[in-house]
Visitor: 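Pasting in a structure now, in structure tokens, and then I'll have a few things to ask.
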Protein chains: 2
Amino acid sequence: MSNSPNIPTLFDVAREAGVSTATVSRCLNEKQKVSQKTLDHVMKTIEALGYTPNFNARAMAAKRTNTIGAIIPTMENAIFARGLQAFQETLLTHGYTLLVSSNAYKPQLEEEQIRTLVARGVDGLLLIGYERPPEIYSYLERRGIPFILAWITLADQDHPSVGFDNCAAMRMLADKVLSMGHRKIGYISGIIEGNDRARGRLEGVRESLAAHGLDPDNLPVIETAYEVETGAQAFEAMMQADPKPTVVMCGNDVLAAGAIGKAKQMGLRIPDDVSITGFDDIELASILDPSLTTIHVPHRLMGGTAAQELITMIEEQSSGVRRTLDVRLELRESLQAV
Amino acid sequence: MSNSPNIPTLFDVAREAGVSTATVSRCLNEKQKVSQKTLDHVMKTIEALGYTPNFNARAMAAKRTNTIGAIIPTMENAIFARGLQAFQETLLTHGYTLLVSSNAYKPQLEEEQIRTLVARGVDGLLLIGYERPPEIYSYLERRGIPFILAWITLADQDHPSVGFDNCAAMRMLADKVLSMGHRKIGYISGIIEGNDRARGRLEGVRESLAAHGLDPDNLPVIETAYEVETGAQAFEAMMQADPKPTVVMCGNDVLAAGAIGKAKQMGLRIPDDVSITGFDDIELASILDPSLTTIHVPHRLMGGTAAQELITMIEEQSSGVRRTLDVRLELRESLQAV
DNA sequence: TTGTAGGCGTTATCAT
DNA sequence: ATGATAACGCCTACAA
């Protein structure tokens, strides 16, 4: 076997088939412009040679990649895994390929990731949340790259987005909690810096408190990374307070899972001794024991819708819309009236 | 604002800086070959113009992308999310970028995905498991693309790989189960077709049974997709048997989570009425109530090691090694002696 | 319907 | 140390 791999090119196929490279290219991209006879012949020799078009060359010549990029905080949180899976599936049915990049919740990495994806020639971009340096938006607009924001929608901004109102959603949950008689609430939040979803959720609790005549500034808040372990630690810390909270609300289900685990470990019964709530409604939420009261977010729908909208923007050269999806309160065992 | 985005190229930078394109290119790739003075000047104008090298053009000219591709069954199973995260982190520290592609456990899609990634010019490839049509391997070898297989190692094949012995691991767990007195075992397996990890695990149970003088052919097996819901259904079906199994072993933790949920729903106490075991030791396993007895697989280590090895293969042009990682039995509440 | 040839943005080889 | 210039593999007017 030869040591230097000999990869066939368009030219090789053309020579072998006895046609021009243009014809071979047409067989690949615009079949209708080629006679059935040559098409068959060319396809056969493509097959025989095991030819695959070189993507980079194609991208350069066509100025188009049929590729869409996505930048997410992490693949390890099920919400993004799910949403992206749906995003990808929808892209696929429209002939697009997905390029993912994750930044481990380090928003300062995002700018370079965007440049990298743009340098690769992505036709469009999916970004999470709204909050980022304005230069990024102007950069994208200057280069004419369509993009859509997901997992959030804000009334006071107008970039195309598909998501939900994190603040209103959490407010709804807090309203419920308060209506059940709870007055001592503790809140475990994700890191807020650079994460407007986390900020919105906290704000939702505060708004609810205020609406009920309570002082939002008295809300105990612990801010920590979105991990089970850190959720557990935060919960433990929070229960040192005197008086103890009767309910600990968490910024997402992962934190809540940690809280529930730690509570059991501390010998606390949920929800008798303390109620716990989450946010997202990942699969885990209904598996936990007790099952977790949370906000159900339609991650799959969001991913699929984002893909649809982005493709429309790309193909119709439209400027994109803002779509707000409904979330719902998922009342389960972990929350009880006091 | 102009409607046609004007993206600066190497040429633009060169013109603006009053040097040749070659010099600009050197400033980007081989700084040492350029005088400090011009370097500074060029870098400044690069900055000023907001220039970013075109990846596709670069790939074409350099025949190198610093990109590595990975094809996984799904992003939704935490084991791959974790492993890949580690894989990516390691790649990053060596200057490589990751391109992921998932196929929803449809192995027949893999071949095209491989071609796609190869067409994009990936410098190397991470694949899961060993089982695939031999043409794929010959294709990869013909094109001289380094690849490494993960999540499995087999004694009787010699492609480079980093993983563990799925069969031996599950045998260890089954041995434990049998040593605790269980004789009526039920097994819920993932879909075996095209998935050698799932097959190996089932085989491990069978081998253990045989070693204990039991007939492997009497082992009740339900084969189903790796989902919580299907795990629940399979568990319910399995408990219809007469006599009922005293332990239900599952091909992974996700199935086991479904089984535990369904068991509770059926009013069965675990492990008093029935024991349940999993495989993988994802975070969920220790969060479940009762906590899940399972096989701990070092997914992060596996991902990191795979990246190391693959990079070595690429940079040293070496042929790669086979590394078998240790797994361990994680004994938790869900398994009890009968 | 098919062929010719210019161009896409870099890198890399030669000169200078 | 720097500059010309030929690849790299493909697409796409434009011609025939």
Side-chain angles (χ1 to χ4, degrees), chain A residues 4-43 45-46 49-67 115-116 118-123 143, chain B residues 4-43 45-46 49-67 115-116 118-123 143:
Chain A
S4 60
N6 191 24
I7 298 156
T9 70
L10 232 211
F11 183 78
D12 297 324
V13 176
R15 180 162 35 71
E16 187 69 17
V19 298
S20 73
T21 58
T23 298
V24 179
S25 176
R26 289 192 194 98
C27 289
L28 258 23
N29 307 308
E30 332 172 79
K31 302 193 198 309
Q32 71 284 6
K33 289 192 175 178
V34 173
S35 82
Q36 188 62 45
K37 185 157 161 289
T38 36
L39 178 61
D40 290 344
H41 178 55
V42 168
M43 289 315 253
T45 89
I46 283 180
L49 266 53
Y51 167 76
T52 316
N54 178 306
F55 175 88
N56 298 113
R58 176 177 269 187
M60 248 182 94
K63 294 175 168 308
R64 193 142 190 300
T65 59
N66 285 307
T67 296
R115 285 183 183 277
T116 300
V118 169
R120 278 178 180 262
V122 294
D123 298 332
R143 320 250 324 197
Chain B
S4 60
N6 190 26
I7 298 156
T9 71
L10 233 210
F11 182 80
D12 297 324
V13 177
R15 180 162 36 69
E16 188 69 17
V19 298
S20 74
T21 60
T23 297
V24 179
S25 178
R26 288 192 196 98
C27 290
L28 258 22
N29 307 306
E30 335 172 77
K31 302 192 199 310
Q32 71 285 5
K33 290 191 176 180
V34 173
S35 79
Q36 188 62 45
K37 185 157 160 289
T38 37
L39 178 61
D40 290 345
H41 178 54
V42 169
M43 289 316 253
T45 88
I46 283 179
L49 266 53
Y51 165 76
T52 316
N54 178 308
F55 175 88
N56 298 113
R58 175 176 269 190
M60 247 181 97
K63 295 179 170 307
R64 189 140 195 305
T65 58
N66 285 308
T67 296
R115 285 183 182 278
T116 300
V118 169
R120 278 178 180 263
V122 293
D123 298 332
R143 318 237 344 186

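Lettering follows sequence order; numbering is per chain, from 1. What you see below is based on every heavy atom in this structure, not just the backbone, and it leaves out hydrogens, waters and symmetry mates.
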Visitor: The side chain of B:Ala61 lies closest to which of these nucleotides: C:dT11, D:dG3, C:dG7?
Guide: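 Side chain of B:Ala61 sits closest to C:dT11.
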Visitor: Tell me: CE of A:Met60 to C1' of C:dC8, nearest whole Å?
Guide: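 Between C1' of C:dC8 and CE of A:Met60: 4 Å.
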Visitor: Using atom CZ of A:Phe55 as one end and atom C1' of C:dC8 as the other, report the distance to the nearest whole Å.
Guide: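 Result: 14 Å.
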Visitor: Whole-Å distance between D:dC10 C1' and A:Asp12 CG?
Guide: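 Roughly 13 Å, once rounded to whole Å.
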Visitor: Are A:Val34 and A:Met43 packed together at the side-chain level, in the sense that at least one heavy-atom pair is separated by less than 4.5 angstrom?
Guide: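 Sidechains of A:Met43 and A:Val34: no contact.
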Visitor: Let me know which of B:Val13, B:Val42, B:Ile7 forms a side-chain contact (heavy atoms from CB on, under 4.5 Å) with B:Tyr51.
Guide: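 Exactly one option meets the side-chain contact (heavy atoms from CB on, under 4.5 Å) with B:Tyr51, and it is B:Val13.
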Visitor: Looking only at side-chain atoms of A:Ser20, point me to the closest of D:dC11, C:dG3, D:dT2.
Guide: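 Of the candidates, C:dG3 comes closest.
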Visitor: Give one of base, sugar-phosphate or nothing for B:Ala22, where a contact means two heavy atoms less than 4.0 Å apart.
Guide: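 Touches a base.
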Visitor: How many whole angstroms separate atom CD of B:Glu30 from atom C1' of C:dT11?
Guide: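 My rounded result for the distance is 9 Å.
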Visitor: Looking only at side-chain atoms of B:Leu10, point me to the closest of D:dT2, C:dT10, D:dC10.
Guide: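 Out of D:dT2, C:dT10, D:dC10, the nucleotide with an atom closest to B:Leu10's side chain is C:dT10.
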Visitor: Taking only the side-chain nitrogens and oxygens of B:Thr38, find out if one of them lies under 4.0 Å from OP1 or OP2 of D:dT2.
Guide: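 Yes, such a contact exists.
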Visitor: Taking the side chain as everything from C-beta on, heavy atoms only, tell me whether B:Arg26 gets closer than 4.5 Å to B:Val19.
Guide: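 No, every pair of side-chain atoms sits at 4.5 Å or beyond.
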Visitor: Can you spot which of B:Leu28, B:Asn29, B:Thr21 makes a side-chain contact (heavy atoms from CB on, under 4.5 Å) with B:Ser25?
Guide: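 Passing option: B:Asn29.
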Visitor: Could you please name the option among D:dT2, C:dA12, D:dG9 that lies closest to any side-chain atom of A:Asn54?
Guide: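 Among D:dT2, C:dA12, D:dG9, the one nearest the side chain of A:Asn54 is D:dG9.
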Visitor: Answer yes or no: does a side-chain N or O of A:Asn29 lie under 4.0 Å from OP1 or OP2 of D:dC11?
Guide: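 Yes, because at least one side-chain N or O of A:Asn29 sits under 4.0 Å from OP1 or OP2 of D:dC11.
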Visitor: Would you kindly give the CD1-to-C1' distance between A:Ile46 and D:dC10, to the nearest whole Å?
Guide: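 In whole Å, D:dC10 C1' lies 13 Å from A:Ile46 CD1.
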Visitor: In whole angstrom, what separates B:Asn56's CG from C:dT11's P?
Guide: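 In whole Å, C:dT11 P lies 12 Å from B:Asn56 CG.
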Visitor: With DNA chain C as reference, determine whether B:Arg26 or B:Pro53 sits nearer its 5' end, using the nearest nucleotide of each.
Guide: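 The answer here is B:Pro53.
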Visitor: Return no unless some side-chain N or O of A:Ser25 is found under 4.0 Å from OP1 or OP2 of D:dC10.
Guide: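 The answer is no; no side-chain N or O of A:Ser25 sits under 4.0 Å from OP1 or OP2.
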Visitor: Quickly work out the A:Lys63 NZ to C:dG7 C1' distance and round it to whole Å.
Guide: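 Rounded to the whole Å, the gap is 9 Å.
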Visitor: Select one nucleotide: of C:dT10, D:dT2, D:dG9, the one nearest the side-chain heavy atoms of B:Thr23.
Guide: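 Of all the options, the side chain of B:Thr23 is nearest to D:dT2.
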Visitor: Here's a test for you: under side-chain contact (heavy atoms from CB on, under 4.5 Å), which of A:Thr67, A:Asn66, A:Thr116 qualifies with A:Val122?
Guide: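 Exactly one option meets the side-chain contact (heavy atoms from CB on, under 4.5 Å) with A:Val122, and it is A:Thr67.
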Visitor: 5'-most contact on DNA chain C: A:Lys33 or A:Thr21, nearest heavy atom basis?
Guide: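 With A:Lys33 and A:Thr21 compared, the 5'-side residue is A:Lys33.
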Visitor: Of the nucleotides D:dA1, C:dG3, D:dC10, which has the atom closest to the A:Tyr51 side chain?
Guide: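 The nucleotide sitting nearest to the side chain is D:dC10.
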Visitor: How close or far is atom P of D:dC10 from atom CG of A:Asn66, stated in whole angstroms?
Guide: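 Checked: the CG to P distance equals 16 Å.
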